[in-house]
Amino acid sequence: TSIMQALTYCPLRCGAHISANTPCKIAFHPAHVKIDRRSSIVVHARYSASGGSWNATPGVVDRVVAALPYILPYFDAVAYGRYLFHIYPAARAAIQPFLPAMSLYHSLPFGSFIAFFGLYIGVVNNARFSRFVRFNAVQAILLDILLALPRLLETVMSPPTSGWGAQLYIQSQSFIWVFTTMLIVYSIVNSFLGQWARIPFIAEAADQQIR
């Protein structure tokens, strides 16, 4: 026998000393594992309480429900494309199928606020929905809030009606509609595919809201 048996401390800091020839065995539980949400821009794992395992692929229902909130910013962004629709009739044809629903939405008193708070209270603060659904709901809400900022600016500064200022105003309005539509299409397509559509800057704010 040796005078003193060599001991070593567990490198994973489990708090127990083990012999030099004995491997450290630690049982991990999903509840003890911390997931860095910023580690991936496509897929985040979530824990399935029903299945008791980690599930990185949202189900079909989650994908459809996650895509629906983007209707809100899409309907609110249509006003920015009014000049583009007048200049290019083909662009208006792209939204023609949605015009009846848009007209109904905008005809309702405070329709935008009702949809906003309904989405926030009914989906974002509802723990029965998966994180995938709630994340997309928050991201859609934040995108819709950003769309309201140019309108608020117009209440302070009247838009120009002639000259280069009017041309710049028309181009900026058209750009907002085109850019917003691209983001919405990107988010809806990724939601249907079960992937996390992370819009720069907005996605980070959405993560903070559903922690």
Side-chain angles (χ1 to χ4, degrees), residues 30-51 53-81 94-95 98 101-102 105 111-153 172-211:
H32 298 155
V33 180
K34 295 182 178 179
I35 301 296
D36 185 4
R37 301 186 182 94
R38 296 169 296 180
S39 60
S40 173
I41 63 173
V42 178
V43 177
H44 295 275
R46 64 180 177 87
Y47 185 74
S48 174
S50 58
S53 60
W54 289 97
N55 181 14
T57 304
V60 176
V61 176
D62 280 359
R63 299 182 190 189
V64 174
V65 177
L68 291 178
Y70 292 102
I71 295 177
L72 177 63
Y74 182 68
F75 281 8
D76 287 336
V78 69
Y80 292 101
I95 67 167
F98 307 101
M102 289 180 179
Y105 170 75
S112 181
F113 288 100
I114 294 174
F116 176 89
F117 286 107
L119 187 60
Y120 188 83
I121 297 173
V123 178
V124 177
N125 286 341
N126 193 340
R128 290 180 295 180
F129 288 102
S130 66
R131 179 180 174 83
F132 181 75
V133 172
R134 292 161 59 211
F135 168 84
N136 282 280
V138 174
Q139 190 164 240
I141 289 174
L142 294 176
L143 182 59
D144 193 58
I145 292 175
L146 291 179
L147 286 174
L149 297 181
R151 288 284 175 260
L152 295 176
L153 185 61
S172 64
Q173 294 282 296
S174 300
F175 173 79
I176 291 174
W177 181 80
V178 171
F179 186 68
T180 303
T181 302
M182 290 174 59
L183 292 178
I184 291 172
V185 171
Y186 162 78
S187 300
I188 290 177
V189 170
N190 277 274
S191 296
F192 280 133
L193 294 176
Q195 298 178 353
W196 293 65
R198 298 184 61 84
I199 301 174
F201 304 107
I202 297 180
E204 286 73 13
D207 284 333
Q208 295 292 331
Q209 291 294 320
I210 56 176
R211 281 184 176 179

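Contact check for Thr180 versus Asp76: no side-chain heavy atoms found under the 4.5 Å cut-off. Contact check for Leu146 versus Ile202: side-chain heavy atoms found under the 4.5 Å cut-off.
In this structure, the separation between CD on Gln209 and CG on Leu142 is 6.5 Å, given to the nearest 0.5 Å. Here CD1 of Ile188 is found 7.0 Å from CD1 of Ile71. Values are rounded to the nearest 0.5 Å. Residue Asn126 holds its CG atom at 11.0 Å from CD1 of Ile121, rounded to the nearest 0.5 Å.
Remark: Tyr70 engages Asn136, Gln139 in a side-chain hydrogen bond (donor to acceptor under 3.5 Å, both in side chains) (not counting sequence neighbours). In this view, Tyr80 and Leu147, Pro150, Arg151, Gln173, Ile176, Trp177 satisfy the side-chain contact (heavy atoms from CB on, under 4.5 Å) rule, not counting sequence neighbours. For Asn190, the side-chain contact (heavy atoms from CB on, under 4.5 Å) partners at least two apart in sequence or on another chain are Tyr186, Gln195, Ala197. Residues passing the side-chain contact (heavy atoms from CB on, under 4.5 Å) test with Val65, sequence neighbours excluded: Val61, Phe129, Val133. Under the side-chain contact (heavy atoms from CB on, under 4.5 Å) criterion, Phe201 pairs with no residue, sequence neighbours left out. Partners of Phe175 under the ring pair (Phe, Tyr, Trp, His ring centres under 6.0 Å) rule, at least two apart in sequence or in another chain, are Phe179. In this structure Phe98 satisfies the ring pair (Phe, Tyr, Trp, His ring centres under 6.0 Å) test together with Tyr74, sequence neighbours excluded. Every ring pair (Phe, Tyr, Trp, His ring centres under 6.0 Å) that Tyr105 has, sequence neighbours left out, goes to Phe75. For Asn125, there are no side-chain hydrogen bond (donor to acceptor under 3.5 Å, both in side chains) partners at least two apart in sequence or on another chain.
Minimum heavy-atom separation, Ala206 to Phe135: CB-CE1, 3.7 Å. The two residues Ser187 and Ile199 come nearest to each other via the heavy atoms OG-CD1, 3.6 Å. Minimum heavy-atom separation, Leu119 to Pro69: CD2-CB, 3.7 Å. Contact detail for Ala137 and Val124: the closest heavy-atom pair is CB-CG2, 3.8 Å. In plain terms, the two heavy atoms of Arg134 and Val123 that are nearest each other are CG-O, 3.4 Å.
The salt bridge (Lys or Arg N to Asp or Glu O under 4.0 Å) contacts involving residues 177-195 comprise nothing, where partners must be two or more places apart or lie in separate chains.
Salt bridge status for Asp62 with Arg131: absent, with no side-chain N to carboxylate O gap under 4.0 Å.
The number of heavy atoms from other shown groups lying within 6.0 Å of CZ (Phe117) does not exceed 12.
Side chain of Arg63 to backbone of Ser191: no donor-acceptor contact under 3.5 angstrom is found.
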